[in-house]
Amino acid sequence: MRILITAPYHEKAQQVLQETFGEVIYRPWKPHGRAYNEEELIGLLEETQADALITEHDHVTKEVINAYPDLQFIGVCRGTPSNVAVETATENDIPVFHTPARNAQAVAEMFVANVITFMRNTIAGCAWLEGENWEAGAHTSYLQFKGSELAGKTIGMVGFGAIGQRIANMVKCFPCTIQFYDPYTESPDPDYQKVSLEEVFASSDIVSVHLPVTPQTTGMIDESLISLMKPDAIFVNTARAMVVKREALLDALENNRIKGAILDVFDHEPPDEVDYKIIHHPHVLATPHIAGATFEVEDHHAYIMNDALVAWFIKEDKNIKQLANKEILAVKS
Ligand SMILES: NC(=O)c1ccc[n+]([C@@H]2O[C@H](COP(=O)([O-])OP(=O)(O)OC[C@H]3O[C@@H](n4cnc5c(N)ncnc54)[C@H](O)[C@@H]3O)[C@@H](O)[C@H]2O)c1
Ligand SMILES: O=C(O)[C@H](O)COP(=O)(O)O
């Protein structure tokens, strides 16, 4: 069996596949400079006569899938396999697997880092120091940049999947109180309280968004929810900007109705004028969509995908196929 891998893939994970399945052809898109387009992908599949394709960002469109009927498996090393025509694959009876939790640890670590950075006024303190503002005498820095501790705070998650739960487990040691709104998830731990959406906004010190984009979640976080937040609460979004009405967030920031916001995602990437208004706000800590960007993510996705290949081809667990395609399509709708 031939496996064509165009995703970045850990060398040892490739070796495992080679030993288990026979042949691995590694043509990662990254050194190529950009994701492979339809034509290039069809060319690669025909040249290698691959049975399985493991991709990351390449464009696995309807045309690619229909042009190469010998494909038996599509693996997408991403949290959201938006570059693959899952509907066409399903029609052609091709299982599509992705790697949902590949960046959960990366995002959770960045959440903790950025929340503490924000609460301790670290960035303003660094700028003040570099600006050579420190004068002899009183404890000016100590007074000016005194912050708050994360310990004892209530964190409210909107969406409690891989990332929300990873954060909850990570901050247990501070300790923090965890509450969440997610109609599709039961609490995995008696310490984590499932509450209403309104309750998350009204009683959390930190409201953190971990929703996928669906017709239901688009624009779900609006003025009425943000207006419930406590004046010293912080709003965090590392998920997708589309789930928040940005005018409502900007309005709350400009009128000091919340303490601030920590944002990794924007309506427009690169940002437009309104996004920059939010980014430049003095009570906003903004990062350029890098919460999930670690070197280790590429190792995590390789091992998650190897497990899927083994489950499908070796253990012949056919239920997995139904799950994979159906789950992806369900989130999309
Ligand atoms: N900034 C980054 O670099 C980065 C990295 C990874 C993931 N993300 C984004 O983070 C988000 C969450 O990722 P994840 O891995 O935790 O996903 P996940 O699928 O594991 O969790 C999402 C959760 O949202 C819940 N949900 C769905 N619809 C809902 C609704 N209407 N109301 C409430 N809850 C709902 C689901 O039940 C699920 O538990 C995604 O949008 C993803 O794209 C961003
Ligand atoms: O925002 C995201 O979801 C991350 O940047 C990565 O997404 P992906 O795993 O779907 O590529």
Side-chain angles (χ1 to χ4, degrees), residues 6-8 29-30 35 54-60 75-84 86 96-111 113-114 156-170 178-188 192 194-201 207-222 225 236-244 262-267 269 285-302 304-305 323-324 326-333:
T6 60
W29 69 270
K30 274 191 177 159
I54 309 300
T55 177
E56 190 183 31
H57 294 289
D58 311 305
H59 306 282
V60 191
V76 198
C77 293
R78 297 192 62 184
T80 311
S82 48
N83 50 314
V84 174
V86 182
V96 179
F97 286 88
H98 68 310
T99 55
R102 73 166 182 158
N103 31 34
Q105 183 69 17
V107 179
E109 288 187 14
M110 192 129 179
F111 170 91
N114 285 356
M157 313 280 185
V158 187
F160 201 48
I163 294 171
Q165 293 185 30
R166 190 70 63 98
I167 292 172
N169 296 340
M170 202 176 275
I178 300 296
Q179 55 185 10
F180 69 94
Y181 169 74
D182 188 330
Y184 312 108
T185 303
E186 290 314 312
S187 181
Y192 307 156
K194 185 166 172 159
V195 298
S196 70
L197 184 56
E198 288 72 20
E199 184 67 21
V200 164
F201 277 83
V207 174
S208 192
V209 182
H210 304 287
L211 294 169
V213 176
T214 68
Q216 291 75 39
T217 63
T218 302
M220 181 171 128
I221 298 169
D222 59 8
L225 284 171
V236 184
N237 190 2
T238 55
R240 284 290 179 273
M242 276 175 77
V243 304
V244 182
I262 300 172
L263 306 170
D264 187 51
V265 286
F266 306 95
D267 275 48
E269 296 181 359
L285 192 168
T287 46
H289 203 145
I290 53 172
T294 66
F295 296 108
E296 289 83 353
V297 162
E298 295 180 357
D299 301 342
H300 302 325
H301 74 209
I304 298 170
M305 192 51 71
L323 251 178
K326 269 191 195 158
E327 272 195 355
I328 297 168
L329 292 171
V331 170
K332 275 188 174 181
S333 62

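This structure is a prediction, so every number in the text was calculated from the model and none was measured. Computed from heavy atoms alone, side chains included, the values below leave out hydrogens, waters and symmetry copies. Atoms within a ligand are numbered from 1 in the order they appear, just like the ligands themselves.
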Tabulated below should be the N or O atoms of ligand 2 paired with protein N or O atoms at under 3.5 Å; can you produce that?
unit_1: ligand 2; atom_1: 1 (O); unit_2: Arg240; atom_2: NH1; d: 2.7
unit_1: ligand 2; atom_1: 1 (O); unit_2: Arg240; atom_2: NH2; d: 3.1
unit_1: ligand 2; atom_1: 1 (O); unit_2: His289; atom_2: NE2; d: 2.5
unit_1: ligand 2; atom_1: 3 (O); unit_2: Arg240; atom_2: NH2; d: 3.0
unit_1: ligand 2; atom_1: 5 (O); unit_2: His289; atom_2: NE2; d: 3.2
unit_1: ligand 2; atom_1: 9 (O); unit_2: Gly79; atom_2: N; d: 2.6
unit_1: ligand 2; atom_1: 9 (O); unit_2: Arg102; atom_2: NE; d: 3.0
unit_1: ligand 2; atom_1: 9 (O); unit_2: Arg102; atom_2: NH2; d: 3.0
unit_1: ligand 2; atom_1: 9 (O); unit_2: Asn103; atom_2: ND2; d: 3.4
unit_1: ligand 2; atom_1: 10 (O); unit_2: Arg78; atom_2: NE; d: 3.4
unit_1: ligand 2; atom_1: 10 (O); unit_2: Gly79; atom_2: N; d: 3.2
unit_1: ligand 2; atom_1: 10 (O); unit_2: Thr80; atom_2: N; d: 2.9
unit_1: ligand 2; atom_1: 11 (O); unit_2: Arg78; atom_2: NE; d: 2.8
unit_1: ligand 2; atom_1: 11 (O); unit_2: Arg78; atom_2: NH2; d: 3.2
unit_1: ligand 2; atom_1: 11 (O); unit_2: Arg102; atom_2: NH2; d: 3.0

Using a strict cut-off of 4.0 Å, indicate which atoms of ligand 1 neighbour a heavy atom of [X].
X      : value
Thr80  : 43 (O)
Gly159 : 24 (O), 34 (N)
Val107 : 4 (C), 5 (C), 6 (C)
Arg240 : 41 (O), 43 (O), 44 (C)
His289 : 1 (N), 2 (C), 3 (O)

So, [X] side chain and [Y] main chain: donor-acceptor pair closer than 3.5 Å or not?
X      : Y      : value
Asp299 : Ala302 : no
Ser196 : Glu199 : yes
His301 : Pro8   : yes
Thr55  : Thr6   : no
Thr214 : Gln216 : yes
Asp58  : Val60  : no

#### Entry: Test side-chain hydrogen bond (donor to acceptor under 3.5 Å, both in side chains) applied to Arg78 and Thr99, Asn83, Asn103, the passing residue
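With Arg78 as partner, side-chain hydrogen bond (donor to acceptor under 3.5 Å, both in side chains) holds for just one option, Asn83.
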Heavy atom of [X], distance to ligand 1 below 4.0 Å:
X      : value
Ala101 : no
Leu211 : yes
Gly79  : no

Minimum non-hydrogen distance to [atom], winning option of [options]:
atom                    : options                        : value
atom 2 (C) of ligand 1  : Val297, Asn103, Thr238, Ile163 : Thr238
atom 10 (O) of ligand 1 : Pro288, Ala239, Ala291         : Ala239
atom 3 (O) of ligand 1  : Pro183, Gly292, Pro100         : Gly292
atom 36 (C) of ligand 1 : Leu263, Asp182, Val213         : Asp182

### Query
Do Met157 and Gln165 have side chains that get closer than 4.5 Å, going by heavy atoms?
no
### Query
Counting both backbone and side chain atoms, is some N or O of Asp264 under 3.5 Å from an N or O of ligand 1?
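In this structure, Asp264 places an N or O atom under 3.5 Å from an N or O of ligand 1.
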### Message
Between ligand 1 and Thr185, is the shortest N or O to N or O distance under 3.5 Å?
### Response
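By distance alone, the answer is yes.
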### Query
Got a sec, which residues hit ring pair (Phe, Tyr, Trp, His ring centres under 6.0 Å) with Phe180, two or more places apart in sequence or on another chain?
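So Phe180 forms a ring pair (Phe, Tyr, Trp, His ring centres under 6.0 Å) with Phe160.
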### Query
Which value, rounded to the nearest 0.5 Å, describes the distance between Ser187 atom OG and Lys194 atom NZ?
8.5 Å
### Summary
Distance col, row Leu211:CG vs Thr218:OG1, nearest 0.5 angstrom, shows 10.0 Å
### Message
A quick test of your reading: do over 12 heavy atoms of other residues, nucleotides or ligands sit less than 6.0 Å from CE of Met242?
### Response
no
### Message
Just to verify, which of Val107, Asn237, Thr287, Asn114 counts as forming a side chain to side chain contact (heavy atoms under 4.5 Å, CB included) with Asp264?
### Response
Thr287
